[in-house]
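So that the names make sense, note that chain A is the first sequence line, chain B the second, and so on, each numbered from 1.
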Amino acid sequence: MVRFMRREWFGSGGGMVRFRRREWFSSGRGMVRFMRREWFGVAGAAAARPECFLSVQDGLAADFRAMTKTLYDLNKGSNIVRGGPLKELVIENFDEEQIWQQLELRNNAVLDFFKKSIAKDAEDEDLCLFSDQEEDGSDAETNSDKELEDNIMEDETEQINVHTKDKDKTKAKEKQSKLSKSLMQKYSDEDSDIDFDIEALEQQAKTAKETTLRKKGRKSVVDDKFFKLAEMETFLEHAEKEDKEEEDDDDDDINYFEDIISDYEEDSEEAKVKPIKSSRDMTYEDFFDSVDDDDGDDDLVANDAEKNQEEEADSAIEEQNEESMSEFEDVDEMVEHARSKEASKKVTFSLPDDSETEHVTEEQLEKDINPSEIKSSFEKRQEKMSKKIKSLEDALLEEKPWQLKGEVTGQKRPENSLLEETVLFDHAVRMAPVITEETTFQLEDIIKQRILDEAWDDVVPKEKPKEEAFEYKKRISLDHEKSKLSLAEIYEQEYMKLHQQKTEEEENPEHKEIQEMMDSLFQKLDALCNFHFTPKPPVPEVKIVSNLPAISMEEVAPVAVSDAALLAPEEIKKKNKAGDVKTDAEKTPTDKKRELRRKKLRKRMRRREKEKREKLLEKMKPEQGTKLSKKAAAAKLKRLTKEGKASLLKDEGKDKALKSSQAFFSQLQDQVRMQIKDATKLKKKQKKEKAISVQKLKL
Amino acid sequence: MNPLKNTPSCPNQECEGYNLLNLKKIIPWYNLSRNIIWVGKGELRKIPVPANRYTPLKESWMKIFTPIVEHLQLQIRFNLKTRNVEIKTCQETKDLSALTKAADFVKAFILGFQVEDALALIRLDDLFLESFEVTDVKPLKGDHLSRAIGRIAGKGGKTKFTIENVTRTRIVLADAKIHILGSFQNIKMARTAICNLILGSPPSKVYGNIRAVASRAAERF
């Protein structure tokens with residue numbers, strides 16, 4: 001019945017009466033069946049004469065309307081699905097749109113309910129699909145159409161349940177994903193979806209049906225671009241199988257053996273990543289397979305867009321009419337799976353590069369100048385040459401790249417362009433040697449050889465030459481005396497030193513060697529042949545001994561120097577010829593005499609010197625001379641005595657040595673008596689003279 | 001005080017280092033030309049003689065006279081009236097720098113140097129004569145000045161002789177004036193030492209310094 005309904009939609013202009021599959025949902029099965037039969041009667045009659053649909057058929061429309069009303073009321077009456085404000089569908093004098101909107105109200109409520117139920121069932125893990133047994137079960141039932149039609153609603157209801165229950169988790173998830181996607185899509189493209197949905201869906205369903213039939217590959221007379229009889233039949237068989245199974249089981253029981261989409265289970269697990277496409281961007285390919293009469297499989301071009309559209313439709317339908325969607329869903333899914341399979345088999349062309357095409361086009365353009373002419377090889381070469389020349393000329397005329405512009409600063413060239421260039425520059429520093437295997441081998445060879453030779457590179461400890469201060473001072477000794485050499489001589493000496501050194505070095509070593517060798521030889525010869533040989537006198541070694549105390553040699557600035565320290569005792573006083581110094585008691589008579597002789601000699605010498613000096617003095621300075629000599633003294637005394645300035649004291653008995661005091665005093669007495677006598681004599685004389693002298697007055 | 005630098009009169013003359021022993025005749029290129037155009041009177045140099053140097057000059061006149069006339073081929077005389085020593089070139093003169101050298105030699109003697117020391121001026125080309133005063137280094141007066149001079153001289157001339165010996169120069173200390181005769185580097189060394197003494201450092205320190213410098217100089221050559 002469903003199929004027929006579908007066909008009717010296709011056949012009709014579309015839009016006369018919009019049948020919503022969900023209206024076929026009804027709580028009571030009997031009612032449903034009744035309705036189904038009614039529908040079938042009407043629809044069958046209509047379908048029998050499809051050419052009637054070319055024109056508007058009011059009677060049929062009225063029948064359909066009545067049917068929808070009854071169905072609506074039935075549905076509303078049942079308490080399974082709640083929602084919607086209207087209790088019954090009013091159709092008298094109501095336009096299509098108005099009826100439609102009434103249905104719309106009901107649909108919204110139902111939509112919510114189904115959403116929730118699907119969500120619940122999707123989460124339910126107890127649901128699963130069993131493939132083979134289900135088919136068998138379903139196949140057994142495909143006998144009568146009526147049964148099928150009777151079971152359609154059941155199927156639908158069950159299938160939804162089954163669908164939800166028997167699906168794998170993945171399918172449930174996919175459904176969820178589809179749900180979510182569809183939700184999104186619905187909200188994004190709400191306006192468009194409402195309009196286009198059914199049409200798309202219709203076309204999809206048709207194609208799906210077609211694809212399933214195409215699978216079998218049978219071809220009939222009825223087949224055309226969009227319809228394949230074989231597909232239809234396969235689909236029907238599939239459905240019948242399911243119906244039969246449903247009859248056997250309860251609605252609530254899960255039919256473990258029922259498998260809806262057995263063939264495409266594997267494919268269903270494929271991850272489908274489809275780009276979301278808005279319905280406004282749909283093209284022919286999205287809705288239809290590419291038109292091909294013969295091969296069914298080729299037409300199954302699994303465009304992603306198409307799949308997406310199917311998904312959209314699927315999901316939209318799901319929300320709106322869950323149960324009725326089952327078949328379509330199955331078909332669609334089958335189609336999808338088929339298409340996904342095809343997608344994997346899809347061949348993609350590698351398009352030629354644009355550049356190549358451009359090149360080609362250019363060349364073609366160029367060559368197209370004289371396409372008819374056949375060019376000689378020379379001409380071709382010439383052409384190539386001219387092209388090359390032209391390109392080179394263009395390159396020359398163009399602005400040069402920065403590499404050829406000479407000195408280029410950072411601003412004039414692109415960023416980091418120098419990194420890509422290989423730059424040559426002089427290395428001021430020697431590059432580190434590249435260590436290769438060869439170098440290591442060389443090193444190892446050297447090392448081995450050194451070890452064998454025992455030529456180590458041990459560090460020889462260096463000693464810093466320590467110069468003592470003493471030696472340093474000695475080097476430049478300060479001479480505090482006036483230099484004996486004049487400046488010219490000093491410089492002369494220096495000059496000679498500088499120039500002589502060179503000559504000495506050149507001559508001496510060889511000569512020295514020769515001399516030494518000769519000497520040794522001659523010595524030996526002499527020893528052998530000459531018995532009376534007298535050895536050469538030893539070469540006097542000249543030693544310069546400076547009579548300086550050691551302290552003065554060491555000290556830089558001698559502060560005090562004394563002669564006493566310098567001279568030896570013998571130098572100060574001559575040593576006695578006898579040797580030791582003797583006392584008078586120890587002296588022998590010879591010694592005494594010797595001394596006496598010496599003494600006399602010394603005296604004699606002194607006297608003579610004195611006389612000489614006095615003589616000289618007398619000659620030079622007569623005044624001084626008289627004072628000194630003895631004669632001069634005697635003469636002076638005489639004079640003085642004569643003048644009376646001095647008086648001579650007579651000396652009587654003074655020569656004798658006075659041993660006793662008595663003798664001394666007696667002598668003294670005698671002297672006084674003598675003096676008195678003289679004085680009396682002098683008085684007599686003085687009386688005569690009576691010369692007043694200063695001396696006499698002096699007392 | 002401009003030191004009397006015994007620079008050769010002719011700048012183009014190329015002098016060899018030490019003209020010792022042999023008084024090499026270095027004939028500069030224009031001497032020949034000069035000989036060609038030499039006509040008439042030659043150059044004359046006059047060196048005044050102070051009174052205190054009169055007698056020494058008289059005593060060592062022969063020693064001065066001989067090298068000038070014989071080796072340098074110049075004419076020399078002492079003008080009694082003006083009390084100047086006059087040196088003149090003559091036709092026999094071959095060296096153009098001879099006159100300068102002779103003049104410097106006589107001048108050095110007049111300043112107070114010994115004849116033998118001054119003779120080195122003739123024999124060597126690169127000897128110079130530097131004079132300066134004690135007050136140039138540091139303004140001293142009275143006793144301080146005397147003390148400074150005493151420091152320079154040392155006891156019995158000890159310090160002065162030490163400096164002379166180490167630096168290979170000859171120093172004349174005439175009251176507040178100091179004259180140094182020697183090569184350029186040596187003059188510098190001696191001058192530094194004397195200045196240090198004037199400024200007040202003790203002689204031992206100065207000895208140390210001179211010795212160090214002299215050893216370095218000796219090592220270099």
Side-chain angles (χ1 to χ4, degrees), chain A residues 462-507 544-567, chain B residues 16-22 63 67 105 108 113-127 129 154-171 180-183 186 193 202-219 221:
Chain A
K462 278 193 233 169
E463 278 177 24
K464 190 178 174 181
K466 264 191 179 179
E467 198 186 26
E468 282 178 40
F470 168 66
E471 283 161 22
Y472 174 71
K473 281 177 190 173
K474 251 196 170 179
R475 248 200 301 142
I476 300 172
S477 60
L478 291 171
D479 191 12
H480 295 285
E481 290 167 21
K482 189 185 168 89
S483 66
K484 273 105 193 176
L485 303 167
S486 74
L487 202 65
E489 282 162 14
I490 290 169
Y491 282 114
E492 186 185 333
Q493 275 181 358
E494 251 187 58
Y495 182 79
M496 298 305 263
K497 244 197 249 176
L498 278 169
H499 284 260
Q500 267 185 2
Q501 268 175 9
K502 294 171 194 173
T503 52
E504 274 180 17
E505 283 168 10
E506 287 166 15
E507 291 173 12
I544 299 161
V545 180
S546 57
N547 191 13
L548 286 169
I551 199 164
S552 72
M553 291 294 276
E554 287 167 9
E555 207 183 279
V556 169
V559 178
V561 175
S562 66
D563 289 342
L566 294 171
L567 297 166
Chain B
E16 277 185 22
Y18 285 93
N19 286 348
L20 293 175
L21 304 176
N22 54 341
K63 283 195 241 170
F105 163 61
F113 290 99
Q114 301 280 322
V115 182
E116 296 84 19
D117 300 335
L119 206 61
L121 276 169
I122 297 173
R123 296 180 78 180
L124 290 154
D125 285 339
D126 62 345
L127 289 189
L129 192 60
K155 195 167 202 154
K158 204 168 57 153
T159 317
K160 189 179 85 123
F161 291 136
T162 315
I163 295 172
E164 279 184 1
N165 291 331
V166 172
T167 59
R168 295 200 300 273
T169 55
R170 288 289 173 264
I171 300 171
I180 310 173
L181 173 70
S183 66
N186 296 336
S204 54
K205 193 168 186 180
V206 174
Y207 294 154
N209 291 343
I210 319 168
R211 208 195 306 112
V213 177
S215 64
R216 253 188 277 133
E219 274 173 32
F221 298 112

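Proximity to chain A (any heavy atom under 4.5 Å) is shown, for B/L181, by both the backbone and the side chain. Of the atoms belonging to B/T169, it is backbone heavy atoms, and not side-chain ones, that fall under 4.5 Å from chain A. Heavy atoms of B/N165 lying under 4.5 Å from chain A belong exclusively to its side chain. No part of B/E164 comes within reach of chain A, as not one of its non-hydrogen atoms sits under 4.5 angstrom from that chain.
Of all the listed residues (A/L485, A/L487, A/I490), the one sharing the greatest number of non-hydrogen pairs under 4.5 Å with chain B is A/L487.
Going from atom CZ of B/R170 over to atom OG of A/S483 covers 3.5 Å, rounded to the nearest 0.5 Å. Taken from CD in A/E489 to CZ in B/R123, the straight-line distance is 8.0 Å, to the nearest 0.5 Å.
Although no hydrogens or angles enter the test, the distance criterion places a donor-acceptor pair under 3.5 Å between the side chain of A/Y491 and the main chain of B/R168.
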Let's go through B/F161 and A/E481 carefully: what are the C-alpha distance in whole Å and the side-chain angles of both, what is the deciding distance for side chain to side chain contact (heavy atoms under 4.5 Å, CB included) to 0.1 Å, and is it a yes or a no? CA-CA 6 Å; B/F161 291 136; A/E481 290 167 21; 5.6 Å; no

